[in-house]
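Single-structure report; data block below.
Residue numbers start from 1 in every chain, and the chains themselves are labelled A, B, ... in the order their sequence lines are given, proteins ahead of strands.
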There are 2 protein chains.
Amino acid sequence: MKLDSIDKRLIEALQHNAETPVAELADAVGLSQTSCWRRVQRLKDAGVLRASVMLVDRHQVNVGVTVFVSVRTSTHSQDWFDRFHAAVQAIPEVVEFYRMSGDVDYLLRVVVPDIAAYDQVYKRLIRDTQLSDVSSSFAMEELKFTTALPLSYV
Amino acid sequence: MKLDSIDKRLIEALQHNAETPVAELADAVGLSQTSCWRRVQRLKDAGVLRASVMLVDRHQVNVGVTVFVSVRTSTHSQDWFDRFHAAVQAIPEVVEFYRMSGDVDYLLRVVVPDIAAYDQVYKRLIRDTQLSDVSSSFAMEELKFTTALPLSYV
DNA sequence: AATGAAACGCAAAGCCG
DNA sequence: CGGCTTTGCGTTTCATT
């Protein structure tokens, strides 16, 4: 889908605050409320705006600890991957999961309350998927986290 | 703030879909519309529900490539850190930024259209902060990404 | 055909029992 | 704390260019 500079400004606003009233968006971009609303609708329909979600405070729901898990594997069969993929999808503590290039094969971001809870997740992971080479790095501090993507490349 | 099982279910619903009508939430948890609305309000005021945002399709805004950047540093002065922190905050391509334990000092997640664009960000990073030991890993595939935190620990 | 203005209906927010 | 009222916003329709 082709996005012009007005679309860009709408996306920019909405990816920071999904509750921005259409009226406010409208006069920010200098459009009537109706045509502005139609644009937003178009962006939703096209799937550019994928979803509207509420972000939850990590600490208040007791998952203050972030762990990055690097996985190296020797078995690269489709069958193994399918099971691995399904197992990881089913673990709610895993919030991000990537297949990597380079010497690490997979990278996971896991959120848990503490080290003990991480150990549970870790054990579940290696039990469900027969992983061997797994290494964990703990984040001491979250310095930046945003769901807002840069729009300079559209 | 203390969260009971009803709060949990409200958070669960809203962190998947922020547009869920209060009426729908209400009869999902078996509460009147009014008291349900009050609960949601309470959760917002307490900051448990931090923000309502729209998630944008990475590919449609031309940032399909994810790079993890590991930074090792020798200078650990407060002054250097402040400049580093400010520099990274100012780069919109950096969507996550953690201070780590272990042999990597900082970990960044960067989103860009392609390798060439990543090189620009990389150069900006080392120029602005005099970094020396930087290593980049490219994600080949995003297998899971969710903003929904596990609520099993509340 | 595209845009804006104005009416409609629904859901959210305030009030009172 | 639950039901009712009102207000304001999102949505639709219609007129206008």
Side-chain angles (χ1 to χ4, degrees), chain A residues 1-62 146-151 153-154, chain B residues 1-62 145-149 151-152 154:
Chain A
M1 180 186 174
K2 213 186 146 334
L3 302 171
D4 67 16
S5 75
I6 293 180
D7 291 322
K8 240 174 95 166
R9 292 165 69 191
L10 296 175
I11 297 167
E12 182 61 25
L14 290 170
Q15 77 174 343
H16 284 102
N17 179 13
E19 285 166 354
T20 318
V22 188
E24 191 176 311
L25 292 173
D27 70 54
V29 302
L31 239 61
S32 81
Q33 187 169 322
T34 311
S35 45
C36 184
W37 177 82
R38 275 197 276 256
R39 283 210 185 227
V40 174
Q41 220 55 26
R42 213 172 108 259
L43 292 168
K44 286 183 185 175
D45 292 343
V48 179
L49 302 172
R50 289 199 291 122
S52 177
V53 301
M54 290 227 160
L55 301 182
V56 172
D57 186 283
R58 292 191 303 125
H59 298 98
Q60 297 213 51
V61 293
N62 196 28
T146 180
T147 54
L149 303 177
L151 299 178
Y153 303 107
V154 301
Chain B
M1 179 186 175
K2 211 187 149 329
L3 302 171
D4 66 16
S5 76
I6 293 180
D7 291 321
K8 239 173 96 165
R9 291 165 69 191
L10 296 175
I11 296 167
E12 183 61 25
L14 290 170
Q15 76 175 342
H16 283 104
N17 179 14
E19 286 165 354
T20 318
V22 185
E24 193 176 311
L25 292 173
D27 70 54
V29 301
L31 240 61
S32 82
Q33 191 168 317
T34 310
S35 46
C36 183
W37 178 81
R38 274 199 275 258
R39 282 210 186 228
V40 175
Q41 220 56 26
R42 210 171 111 261
L43 292 168
K44 286 182 183 176
D45 292 343
V48 180
L49 301 172
R50 292 198 288 123
S52 176
V53 301
M54 289 225 158
L55 301 182
V56 172
D57 186 283
R58 293 191 302 125
H59 297 98
Q60 296 213 51
V61 294
N62 195 30
F145 178 85
T146 181
T147 54
L149 302 177
L151 299 179
S152 30
V154 301

Test side-chain contact (heavy atoms from CB on, under 4.5 Å) on B:R39 and B:L31; report intermediate values, then the result. CA-CA 10 Å; B:R39 282 210 186 228; B:L31 240 61; 3.7 Å; yes
5' to 3' on DNA chain C, which nucleotides open and close the contacts with chain A (atom under 4.0 Å from a heavy atom)? C:dT3 to C:dA6
Could B:R9 and B:D4 be called an ion pair, given the rule that one side-chain N must be under 4.0 Å from one carboxylate O?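 Salt bridge absent between B:R9 and B:D4.
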I'd like to know if B:D7 pairs up with B:K2 as an ion pair, taking the criterion as any Lys NZ or Arg NE/NH1/NH2 lying under 4.0 Å from an Asp or Glu carboxylate oxygen.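 Result for this pair is no, no salt bridge flagged.
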Here the distance between atom P of D:dC1 and atom CG of B:L31, to the nearest Å, is 9 Å
Can B:M54 and A:R50 be said to form a side-chain contact (heavy atoms from CB on, under 4.5 Å), step by step? CA-CA 7 Å; B:M54 289 225 158; A:R50 289 199 291 122; over 6 Å; no
Check: [Y] main-chain N/O paired with [X] side-chain donor or acceptor under 3.5 Å:
X: A:E19; Y: B:S52; value: no
X: B:D57; Y: B:Q60; value: yes
X: B:Q15; Y: A:V53; value: no

Nucleotide by nucleotide, nucleotides 4-17 of chain D touches protein heavy atoms under 4.0 Å in the pattern (B base, S sugar-phosphate only, - none) B-----BBBB----
Let's go through B:L3 and B:I11 carefully: what are the C-alpha distance in whole Å and the side-chain angles of both, what is the deciding distance for side-chain contact (heavy atoms from CB on, under 4.5 Å) to 0.1 Å, and is it a yes or a no? CA-CA 10 Å; B:L3 302 171; B:I11 296 167; 4.2 Å; yes
